[in-house]
Amino acid sequence: MTAKPVVRVQAQDFDTAKELEAMTKGQTNIGAVVSFTGLCRDEGGVLETLELEHYAGMATAQLNDIAQQACKRWPLEHLLVIHRYGKIPPGKNIVLVIATSSHRQAAFDGASFVMDFLKTNAPFWKKEHFKDGSTGQWVEAKDKDDKARDRWD
Amino acid sequence: MTAKPVVRVQAQDFDTAKELEAMTKGQTNIGAVVSFTGLCRDEGGVLETLELEHYAGMATAQLNDIAQQACKRWPLEHLLVIHRYGKIPPGKNIVLVIATSSHRQAAFDGASFVMDFLKTNAPFWKKEHFKDGSTGQWVEAKDKDDKARDRWD
Amino acid sequence: MKILYFAWIRERIGLPSEDISLSKDIETVQQFLDWMKTRGENFEYALEHDQVVRIALNQQHCNDFSTRLDGINEIAIFPPMTGG
Amino acid sequence: MKILYFAWIRERIGLPSEDISLSKDIETVQQFLDWMKTRGENFEYALEHDQVVRIALNQQHCNDFSTRLDGINEIAIFPPMTGG
């Protein structure tokens with residue numbers, strides 16, 4: 001079974017619960033569903049909002065590419081990837097990945113693989129705006145994110 | 001942060017979406033939420049129902065033990081484990097694990113670890129009842145489940 | 001001693017549980033299993049393959065059958081688990 | 001050629017995008033970047049650290065700066081990505 005992944009790049013919020021329901025409702029041959037939701041953290045209360053800049057055309061293309069690679073590597077039934085852009089306050093959703101499969105390890109690995117590649121390869125950039133009104137800081141890329149991606153080689 | 005895991009062993013169904021919402025609602029410092037839902041497969045349409053036998057006292061104790069190990073190994077904010085017993089028709093929930101953390105890898109690993117240990121160490125046994133009325137077959141344990149557990153050593 | 005049986009081991013033995021006073025000669029898990037197999041064809045059949053017999057003592061897995069039964073009041077016998 | 005800038009590279013250059021006719025002497029990504037740095041202090045500042053400059057050609061990552069620009073009509077310049 002090769003899933004046809006669904007990718008959405010959008011400003012508006014999503015609802016993890018509803019997306020999960022839509023993906024599994026009425027299905028009787030899915031053994032495993034793994035969802036990953038990435039949320040905006042308040043960084044100990046100091047963050048006012050996180051601004052996500054993106055390269056529109058390429059973002060969708062890259063996420064599709066990553067999702068298709070995941071579908072080639074693991075027997076996934078469904079794969080959904082949603083990534084938001086724009087200003088996101090603490091506690092709100094940034095990214096969602098849902099993978100379903102007959103096999104639990106495929107669902108875990110598929111979702112984890114998408115997140116690791118998305119972090120380093122999808123053209124999004126985070127800027128932090130603080131409550132004290134200080135100018136936003138661009139979030140720096142982390143070496144450990146490169147390592148997380150490279151473990152799939 | 002050491003999460004105090006929540007474990008439930010129950011006959012009644014659960015709602016992944018509601019459990020996810022309850023775990024994250026109003027929280028502003030969770031970065032990553034991973035959920036795993038295990039569902040009953042219809043095995044190509046032949047399965048009538050899956051019967052889950054369990055050793056009641058030990059099941060709760062074992063799941064608590066596994067969940068506490070996960071909380072020691074990874075910086076989890078919350079960890080929920082629900083495992084059902086009794087007769088479960090295709091498409092219905094069997095097991096749910098939700099792990100939240102500041103870090104995506106901790107949330108993925110925590111949930112995956114719980115599932116791997118639960119498969120081999122929690123006292124549940126599956127018996128398949130088929131639509132043709134044939135006597136149930138006890139599901140056989142798989143070597144690959146032992147291997148999945150042992151990779152965490 | 002409370003003895004519990006699960007899954008196909010329960011079905012082969014034909015009982016979910018028993019309350020038994022064990023002889024004082026039975027000091028370890030292995031001695032207990034050896035004695036169980038002498039209790040009749042159903043027990044012999046249920047326990048014929050040592051490698052698929054799992055034991056819990058007081059609701060804790062026991063992987064070493066030389067473990068002594070001191071302080072134990074509940075023994076469970078079951079096949080490899082298949083939950084999740 | 002459409003040129004796009006993102007995140008702090010965009011801020012340092014002071015423009016989100018440009019439409020430029022590149023000289024025919026500029027045949028590779030490296031030559032393009034070398035030329036860009038000569039366009040003023042803002043470009044020099046934005047592109048000063050080669051190791052944090054990422055390039056996409058026609059919306060595809062380009063990891064080899066010796067890549068030729070034949071057939072390319074969109075070049076994007078940005079720092080390492082931090083989505084997810």
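Throughout, a chain's letter reflects where its sequence line sits, starting with A, and its residues are numbered from 1. Bear in mind the structure is a predicted one, so any value in this text is a computation, not a measurement.
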So A:F124 and A:H54, would you call those rings parallel, tilted or perpendicular, with 30° and 60° as cut-offs? parallel
Judged by atom type as modelled, is there a donor-acceptor pair below 3.5 Å linking the side chain of A:T49 to the main-chain atoms of A:I88? yes
Applying a strict 4.5 Å limit to non-hydrogen atoms, the region of A:E51 in contact with chain D is neither
Please rank A:R84, A:E140, A:K126 by heavy-atom pairs under 4.5 Å with chain D and give me the top one. A:K126
Select one option (side chain, backbone, both, neither) describing which atoms of A:N121 are under 4.5 Å from chain D's heavy atoms. both
Is a salt bridge present between A:R151 and A:D116, judged by a nitrogen-to-oxygen distance below 4.0 Å? yes
Quick check: under 4.5 Å, non-hydrogen atoms only, which of residues 1-10 of chain D neighbour chain A? D:L4, D:Y5, D:F6, D:A7, D:W8, D:R10
If one checks every heavy atom of A:K127 against chain D at 4.5 Å, the contacting part turns out to be side chain
Identify which one of A:V6, A:N64, A:V7 satisfies the side-chain contact (heavy atoms from CB on, under 4.5 Å) criterion when paired with A:V81. A:V7
Is any side-chain N of the basic residue among A:D150 and A:K147 closer than 4.0 Å to the acidic one's carboxylate O? no
Would you give the length of the straight line joining atom CE of D:M36 to atom CG of D:L22, rounded to the nearest 0.5 angstrom? 9.0 Å
Salt-bridge criterion met for A:K131 and A:E48 (N-O under 4.0 Å): no
Mind checking the CG-CG spacing from D:N73 to D:L57? Nearest 0.5 Å is all I need. 10.5 Å
